[in-house]
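From a predicted model like this one, the values you see are computed outputs, not experimental measurements.
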Amino acid sequence: MRTHYCGQVTAAQLDQTVRLFGWVNTRRDHGGVIFIDLRDRAGIVQVVCNPSRTEAFAAAERVRSEYVLAVTGRVIRREPGLVNPKLATGEVEVVAETLEVLNASAPPPFQLDDANLSESVRLAHRVIDLRRREMQRNLLLRYRVAMAVRRYFDAHGFVDIETPMLTRSTPEGARDYLVPSRLNPGEFYALPQSPQLFKQLLMVAGFDRYYQITKCFRDEDLRADRQPEFTQIDVETSFLTEEEIRAIMEGMVRAVFKECLDVDLPAPFPVMRYADAMRDYGSDKPDLRVPLKLTELTDVMRGVEFKVFAGPAGTPGGRVAGLLVPRGGELTRGEIDAYGELVAVYGAKGLAYIKFNEVARGREGMQSPIVKNLTDAALAAIVERSGARDGDLMFFGAGPAQVVNDALGALRQRIGHEKGHAEGGWRPLWVVDFPLFEYDEADRRWVAMHHPFTSPKDGHEAYLESDPGRALAKAYDVVLNGWEIGGGSVRIHRAEVQSQVFRALAIGPEEASRKFGFLLEALQYGAPPHGGVAFGLDRIVTMMAGAESIRDVIAFPKTQKGQCLLTHAPSPVDERQLRELHIRLRTETKS
């Protein structure tokens, strides 16, 4: 029976006999005395094996890295010059009385302290990778975060209710993962993209405070903060206003950061309108650690002869904006070109700039090929609105508003962190008043920015048919250091408003019944006012751990191609399984 974890043996156990289990992290033979660093999930302790303990010493001579041991020994204090301040156990060591090899190990595929491991090697040997201190710390942090979430919601009267993993396919913005039904040939289940519809049904059923930490699935292109299966903290409430819902949810975020990191986040979180976020930061999830803001110049450029600016400025949906970089005049030509390559990724066709050498001299104190194309009034407006000073530089974006926002928003983030403008710490934010709809140019129709059950703001029902683009939603995202960690909305609970939204989305009664019939029917039976939030647990833990990718906080993640390098999933299945599911694979023929 274990008495202590390795990482818990400290001076408090001096002269006690302890029983430890763990893996050999390192073994060192110092001329007749063998030292073993024994590791478990709590940490490392040094075990000393003396020749006077014949059997223990003989066993210690055979052990190698990653052998599994059981050790019984007495805790003593290390000699003063041998204390290791880097370890929690560094003041003490365990003198082995017995040492048993519980299992040998083949040579591991890599050293656990190798800092240059490729991710593909780590994922292919994930079991060994998970033994690394960093990975153990990340997963234990994930556990503590999940427990803190559960304690918070339990204390606030929320009930943990599971919802189905096999459900019907409904449009939620990404491809569904489909599961064929053997008992119902030709029909399919879908894995849930979120429990959205079921949690609304639970509100109608009278469970006024629900939460769940659950798996969700989306068949979409992957990147560092996406996985085909991800974990969501899903929450729904009844009879609360938008402001009351936000207060409970930010309380949860504060409680988790305090309990798990001993960090005090601000109370309350600042609130920013979506329109202001896009105007000032070019993003609906701005990183407030970067104080740089965009300068709006669309109106200024409508009258200039420079068509690169005047064209977008005079086009509906166009925008011209600038990003002032303090001391940006120090940027090299190579750095400016590299920033041009960055904005090109977002569709920008170029990156114009002006260096402000001597602001007081007007155009004569400015350095740029575009200065000659702009009027004195336009140049004066640029300086006045941005607050440009000698030595600063402004980058410009011109084109469709989305391209300008995406490009300058990314540029602002990159420059802010690369050039020392970013502050430290944690900067949470609520972004509110999102548009209810966005226009899909390809389909030439309005689509829901969030989902079709998001409630319009009070009084905006009048715009649903006359001017859908003007309608705002009771929707809200919680942002932290430039990452959206959660989002939600107040839902529609009245049939007449839901019908208006469906008409604005060009969803007729038959289509609505086919896609959402079970929810629409339930909403007829006394649906309460309700709303909720979904948080990305993977993202939250990634930020708290300081990890580069959510794959570093998930035990067995997939690659960017959706593959598990450990189990080699996905994989082919045999013909018999396909026949049972009434599926035949189509063979592509070469022409």
Side-chain angles (χ1 to χ4, degrees), residues 133-135 137-149 151-152 223-225 233 243 246-274 276-294 323-328 342 387 392 405 408-432 476-488 533-553:
R133 189 78 218 128
E134 176 186 358
M135 294 303 300
R137 183 176 63 246
N138 288 353
L139 291 190
L140 290 173
L141 173 62
R142 184 186 179 107
Y143 160 75
R144 292 197 303 273
V145 169
M147 290 303 297
V149 168
R151 281 190 288 269
Y152 179 87
R223 57 178 185 242
D225 60 344
I233 305 169
E243 292 74 20
R246 294 207 312 261
I248 290 177
M249 300 311 154
E250 73 173 62
M252 183 274 288
V253 178
R254 279 198 302 273
V256 166
F257 270 75
K258 182 63 177 177
E259 182 173 334
C260 298
L261 295 185
D262 196 24
V263 167
D264 292 303
L265 295 180
F269 292 176
V271 179
M272 182 182 298
R273 296 173 63 248
Y274 170 87
D276 295 337
M278 299 306 293
R279 180 195 66 214
D280 292 343
Y281 302 101
S283 171
D284 59 1
K285 46 183 181 294
D287 185 348
L288 296 186
R289 295 174 301 173
V290 178
L292 308 181
K293 291 185 178 183
L294 306 187
L323 173 66
L324 186 73
V325 182
R327 305 182 307 280
L342 169 67
D392 293 348
N405 292 338
L408 291 186
L411 183 64
R412 169 188 169 274
Q413 186 85 344
R414 173 73 66 84
I415 290 176
H417 286 279
E418 282 187 351
K419 296 302 177 182
H421 300 292
E423 303 164 354
W426 300 94
R427 297 293 300 275
L429 171 72
W430 283 107
V431 178
V432 302
Y476 33 82
D477 284 353
V478 59
V479 176
L480 184 62
N481 289 7
W483 284 40
E484 177 197 330
I485 62 170
V533 176
F535 291 93
L537 177 65
D538 308 301
R539 289 187 180 185
I540 292 173
V541 179
T542 300
M543 297 189 71
M544 296 176 76
E548 294 183 1
S549 163
I550 65 172
R551 291 189 291 275
D552 287 336
V553 301

Nearest heavy atoms of [X] and [Y], plus distance in Å:
X	Y	answer
M544	F257	CG-CZ, 3.6 Å
W426	L265	CB-CD2, 3.5 Å
A545	V553	CB-CG1, 4.3 Å
L411	L342	CA-CD2, 3.9 Å

Would you say that [X] contacts [Y] through its side chain, given a criterion of any heavy-atom pair below 4.5 Å between the two side chains?
X	Y	answer
E243	R246	yes
L429	P286	yes
R279	R273	no

Looking at [Y], is its backbone amide N or carbonyl O close enough to the side chain of [X] to form a donor-acceptor pair, meaning the two atoms are under 3.5 Å apart?
X	Y	value
N481	D287	no
R412	V290	yes
Y281	L288	no

**Request:** For K285, enumerate each residue passing the side chain to side chain donor-acceptor pair (under 3.5 Å) test, keeping only those at least two apart in sequence or located in another chain.
**Result:** none
[X] side, atom [atom1]; [Y] side, atom [atom2] - distance, nearest 0.5 Å:
X	Y	atom1	atom2	result
L408	L294	CG	CG	5.5 Å
D392	L324	CG	CG	4.5 Å
L292	D280	CG	CG	12.0 Å

Name all residues meeting the salt bridge (charged side-chain N to carboxylate O under 4.0 Å, His left out) criterion together with [X]; count only those two or more places apart in sequence or in a different chain, and write none if there are none.
X	result
D284	none
R144	none
D552	R122

**Prompt:** Please walk me through it: do Y152 and I248 pass side chain to side chain contact (heavy atoms under 4.5 Å, CB included)?
**Reply:** CA-CA 10 Å; Y152 179 87; I248 290 177; 4.1 Å; yes
**side-chain contact (heavy atoms from CB on, under 4.5 Å) involving E250 - partner list, sequence neighbours excluded** = R254, P268, F269, W430
What pairs of donor and acceptor atoms, side-chain ones from residues 534-543 against any protein atom, are under 3.5 angstrom apart with sequence neighbours left out?
{"residue": "D538", "atom": "OD1", "partner": "R142", "partner atom": "NH1", "Å": "2.8"}
{"residue": "D538", "atom": "OD1", "partner": "R142", "partner atom": "NH2", "Å": "2.9"}
{"residue": "D538", "atom": "OD2", "partner": "T231", "partner atom": "N", "Å": "2.9"}
{"residue": "R539", "atom": "NH1", "partner": "E484", "partner atom": "O", "Å": "2.9"}
{"residue": "R539", "atom": "NH2", "partner": "D225", "partner atom": "OD2", "Å": "3.3"}
{"residue": "T542", "atom": "OG1", "partner": "D538", "partner atom": "O", "Å": "2.7"}

